[in-house]
Engineer: 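Encoded as structure tokens, here's the structure I'll be asking about.
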There are 2 protein chains.
Amino acid sequence: MAKVTIRDVAREAGVSIATVSKALNNVDVVKPSTKRKIIDAVKKLDYSPNLIGKQLKSGSTRTVGLFTSSVRGPYYSILIDGLANFSEKEGYGLNVFISSDREKIMNTLRGRLVDGALLFDPVISQEEIALLNAEQIPSVFLDRKISQMNTTSIVFDSFQAGYEIGNYLINMGHQRIAFIAGYAGVYDSEQRLLGLKQALFEHGLSFPDEYRLEGMFEREASYNAILSFIRLSQMQQFAFPTAFVAGNDLSATGAIKAFKHEGLRVPEDVSVVGFDDIDVAEYFNPPLTTIKNPIMSQARGAIEMLMELMDGKKDIPSCALPGELIIRKSATSI
Amino acid sequence: MAKVTIRDVAREAGVSIATVSKALNNVDVVKPSTKRKIIDAVKKLDYSPNLIGKQLKSGSTRTVGLFTSSVRGPYYSILIDGLANFSEKEGYGLNVFISSDREKIMNTLRGRLVDGALLFDPVISQEEIALLNAEQIPSVFLDRKISQMNTTSIVFDSFQAGYEIGNYLINMGHQRIAFIAGYAGVYDSEQRLLGLKQALFEHGLSFPDEYRLEGMFEREASYNAILSFIRLSQMQQFAFPTAFVAGNDLSATGAIKAFKHEGLRVPEDVSVVGFDDIDVAEYFNPPLTTIKNPIMSQARGAIEMLMELMDGKKDIPSCALPGELIIRKSATSI
DNA sequence: TCCTTTTCTTGAACCGCTTTCATTAATAGA
DNA sequence: TCTATTAATGAAAGCGGTTCAAGAAAAGGA
């Protein structure tokens with residue numbers, strides 16, 4: 001069965017396509033009796049408008065795009081779900097594009113497939129951002145502050161969170177604190193470390209270079225990082241940290257598993273904390289002390305900011321949301 | 001800055017739009033020298049084609065749509081990630097639509113916004129499925145077998161899995177086995193229970209009605225279900241099960257938490273098993289015995305089937321993927 | 001050199017819809 | 001009854017691309 005178009009409906013109802021369009025979209029006035037005929041024809045032919053035609057003419061898609069390289073992991077999936085809900089409330093569909101192919105991302109963005117964009121972790125260059133600005137494609141960055149450019153972003157205040165958890169540990173007597181980093185150079189990870197360092201600095205403590213491990217924000221990588229760190233500390237005989245700040249909860253759980261494997265008890269022998277407060281954090285053994293990432297606020301804020309940008313407002317300021325220290329059992333005083 | 005179109009490029013390069021189109025899409029032959037001019041014009045004007053116009057004319061979007069009501073939970077997010085990867089390999093973008101609004105789903109589906117569809121849990125009626133068939137919209141169902149209709153689906157063989165885990169428990173001496181169901185009427189959940197019942201039946205054991213709890217596939221709901229079940233068993237004084245089969249791992253973890261809360265040890269006092277083998281299953285305390293849901297195979301299979309359907313092949317048979325029993329520590333012999 | 005091929009290029013139609021503007025039908029006013 | 005309004009409708013022009021049929025230019029053959 002060939003696809004039925006607005007022309008078929010018009011023919012069936014004995015009116016022009018213009019009238020059909022008006023009747024179905026409730027624009028202008030169409031006589032109730034003609035509207036009836038049109039509705040009947042639509043039903044009879046099972047007509048459903050081709051959205052592409054509609055979008056091309058109207059210049060709007062009523063969708064916002066979320067660009068990300070992955071939806072994996074508890075943090076992402078909750079955030080995405082939140083974004084979908086909030087944008088639906090605003091009358092926009094959320095369209096998730098999963099790709100790390102920069103060119104593809106730029107093409108769909110510039111190809112007007114979405115009215116606005118939420119940019120997650122796709123690494124987009126400065127020139128590309130400038131292009132988006134130049135073409136007035138409303139976009140909100142969700143994971144990093146682009147300070148130099150005229151962009152709007154909404155992020156978890158990772159520096160503050162790192163600072164807070166650092167102080168928490170230091171106040172419990174920890175002096176040697178290691179950090180399990182996420183991907184090298186990732187904004188969140190670096191900021192968390194900077195915050196931690198700041199807390200150490202303010203207490204006259206130092207952060208030796210060898211205390212930085214690479215955990216990739218993953219359980220597995222983090223597990224391995226801890227194992228090699230233990231070997232390294234034995235070989236080089238440097239003082240073992242009393243506490244580990246993991247880049248996120250996932251890597252905290254990997255680290256804890258590694259410590260268990262090596263016969264170290266958490267938190268008796270070593271304290272471990274994370275960031276995010278993902279679902280499992282509470283159920284883990286031991287329950288994770290962490291800093292709660294206000295995911296839902298971030299989702300709500302992102303959509304609000306994007307809507308304002310799409311309304312034509314300019315210069316929406318970026319914002320950084322504070323985390324909340326959740327004290328459970330994986331860290332203890334020394 | 002107004003959006004630059006193919007016409008602007010044509011003017012800049014001093015050729016017709018037809019030539020520009022051909023040059024950029026590498027169709028027909030265009031003289032190298034003209035192509036050069038066109039490329040230059042594209043660069044100078046920062047031209048990026050409007051994908052909507054392109055799609056309208058070509059009738060194809062080169063994207064497959066995934067329709068789901070949520071991306072939350074480890075199972076979904078891994079599956080979605082897999083689907084995105086496999087479809088990208090086939091040259092198609094994956095477009096995730098998150099909504100449980102049936103009408104909206106049908107509109108985007110019938111509105112030709114995607115070339116093919118992966119239907120997750122959106123509850124779509126028989127008539128709607130018939131409509132999709134009539135309009136030749138290639139679709140693959142990911143979560144349920146629609147037996148009556150001419151649909152193709154790829155699912156985890158829940159019946160087999162239930163049967164297998166049932167036998168496993170029975171062979172360890174369990175005779176009273178309860179089931180923590182997912183949403184009422186959900187195919188997966190019901191099939192798992194049917195499989196379990198089959199195993200019980202074959203060993204001359206019964207499954208009393210009160211052994212069915214409602215866990216909603218969630219940790220929290222499952223936790224509560226166990227608590228009320230314990231109260232109920234005390235009030236009505238029926239024999240307490242020695243093993244609980246949870247509808248999925250998430251609800252298994254909720255159940256275990258509830259048992260701990262009530263002072264019951266897992267697996268010493270009561271065995272608990274789940275389905276899926278999500279990431280945390282291994283790290284949980286106790287590590288979960290479960291049946292592994294072959295998510296990646298499902299993703300790969302779904303994309304393959306969809307590609308064949310989009311190639312015009314008809315009557316692709318549905319398939320059910322077998323699970324794999326993963327024995328850990330949450331169940332023990334009696 | 002002229003004619004036939006082959007190689008490039010282009011005008012115009014079209015994809016399915018919206019929207020402006022002119023036109024016609026209906027109603028009101030005098 | 002005739003004209004001035006108002007209400008409904010429709011013809012046509014796009015939106016930004018692709019593609020077909022046909023024309024123009026270049027190349028080859030005699």
Side-chain angles (χ1 to χ4, degrees), chain A residues 1-39 41-42 45-62 107-115 135 137, chain B residues 1-39 41-42 45-62 107-115 135 137:
Chain A
M1 183 165 77
K3 180 70 188 167
V4 15
T5 78
I6 199 172
R7 265 159 255 276
D8 302 315
V9 176
R11 189 175 323 113
E12 177 72 29
V15 297
S16 75
I17 60 168
T19 308
V20 174
S21 174
K22 282 169 193 161
L24 296 182
N25 296 296
N26 297 312
V27 338
D28 289 7
V29 202
V30 350
K31 217 198 315 188
S33 64
T34 24
K35 183 158 184 178
R36 237 296 33 93
K37 283 192 292 181
I38 292 171
I39 301 283
V42 165
L45 301 177
D46 252 331
Y47 169 69
S48 180
N50 180 314
L51 265 22
I52 300 183
K54 203 163 183 157
Q55 294 177 355
L56 177 57
K57 180 61 195 182
S58 66
S60 145
T61 61
R62 298 297 291 179
N107 277 346
T108 69
L109 223 34
R110 303 184 66 202
R112 301 293 176 189
L113 249 29
V114 294
D115 292 354
E135 294 189 19
I137 298 175
Chain B
M1 184 165 77
K3 180 71 188 168
V4 15
T5 77
I6 199 172
R7 270 155 247 276
D8 302 317
V9 176
R11 189 178 321 116
E12 178 72 29
V15 297
S16 76
I17 60 169
T19 308
V20 175
S21 175
K22 280 171 191 156
L24 297 183
N25 295 296
N26 297 312
V27 338
D28 289 4
V29 200
V30 349
K31 218 201 307 193
S33 64
T34 28
K35 183 158 184 176
R36 236 300 28 95
K37 282 192 294 181
I38 291 170
I39 301 282
V42 165
L45 301 177
D46 252 332
Y47 169 70
S48 179
N50 180 315
L51 265 22
I52 299 183
K54 202 162 183 157
Q55 294 178 354
L56 177 58
K57 178 64 194 180
S58 67
S60 144
T61 60
R62 300 295 291 178
N107 277 346
T108 70
L109 223 33
R110 306 183 64 202
R112 301 293 176 192
L113 251 27
V114 294
D115 292 353
E135 294 188 19
I137 298 173

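Numbered from 1 within each chain, the chains take letters A, B, ... in sequence-line order.
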Engineer: Confirm from the modelled atom types if B/R112 and C/dG16 form a donor-acceptor pair under 3.5 Å, side chain to base only.
Structural biologist: no

Engineer: May I ask you to test the B/L113-A/Q55 pair for a side-chain heavy-atom distance under 4.5 Å?
Structural biologist: yes

Engineer: For a 4.5 angstrom cut-off between non-hydrogen side-chain atoms, does A/N107 reach B/S48?
Structural biologist: yes

Engineer: Indicate for each nucleotide in nucleotides 5-11 of chain D, in 5' to 3' sequence, whether protein heavy atoms under 4.0 Å reach the base (B), only the sugar-phosphate (S), or nothing (-).
Structural biologist: ---SBBB

Engineer: Atom CG of B/N50 and atom CG of A/L56: how far apart are they, to the nearest 0.5 Å?
Structural biologist: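 So the CG of B/N50 and the CG of A/L56 are separated by 6.5 Å.
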
Engineer: Between B/L113 (CG) and C/dG16 (C1'), how many Å, whole number?
Structural biologist: 13 Å

Engineer: Expressed as a whole number of angstroms, how long is the span from A/I6:CD1 to C/dC15:C1'?
Structural biologist: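 Taking atom C1' of C/dC15 as the reference, CD1 of A/I6 is at 13 Å.
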
Engineer: What is the distance, to the nearest angstrom, from the CG atom on B/L24 to the C1' atom on D/dT18?
Structural biologist: 12 Å

Engineer: Taking the side chain as every heavy atom from C-beta outward, state whether A/V9 and A/L24 have any atom pair closer than 4.5 Å.
Structural biologist: no

Engineer: When the distance from CZ of B/R7 to C1' of D/dG17 is rounded to whole Å, what number comes out?
Structural biologist: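 Answer to the nearest Å: 7 Å.
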
Engineer: Under 4.0 Å, heavy atom to any atom of DNA chain C: which of residues 49-57 of chain B qualify?
Structural biologist: B/L56, B/K57

Engineer: Can you name the residues that form a salt bridge (charged side-chain N to carboxylate O under 4.0 Å, His left out) with B/K22, not counting sequence neighbours?
Structural biologist: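 In terms of salt bridge (charged side-chain N to carboxylate O under 4.0 Å, His left out), with neighbours along the sequence ignored, B/K22 is linked to B/D28.
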
Engineer: For A/N107 and D/dG17, what is the distance between atoms CG and C1' respectively, to the nearest whole Å?
Structural biologist: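 So the CG-C1' distance, A/N107 to D/dG17, works out to 15 Å.
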
Engineer: Taking CG from A/N25 and P from C/dG16, how many angstroms apart are they, rounded to a whole number?
Structural biologist: 17 Å

Engineer: Just how far, in rounded Å, is C1' of D/dT18 from CG of B/N26?
Structural biologist: 14 Å

Engineer: Do B/I38 and B/T19 come close enough that some side-chain heavy atom pair is under 4.5 Å?
Structural biologist: yes

Engineer: Using whole Å, report how far CD1 of B/I38 lies from P of C/dC8.
Structural biologist: 13 Å

Engineer: Drop me the distance from A/L109's CG to B/L51's CG, to the nearest 0.5 angstrom.
Structural biologist: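 Between atom CG of A/L109 and atom CG of B/L51 there are 11.0 Å.
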
Engineer: Rounded to the nearest 0.5 Å, how far apart are OG of B/S16 and CZ of B/R11?
Structural biologist: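 Reported to 0.5 Å precision, the distance equals 13.0 Å.
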
Engineer: Select base, sugar-phosphate, or nothing to describe what B/S21 touches, counting heavy atoms under 4.0 Å on all strands.
Structural biologist: base

Engineer: When you compare the side chain of A/R112 with that of B/K3, does any pair of heavy atoms fall below 4.5 Å?
Structural biologist: yes

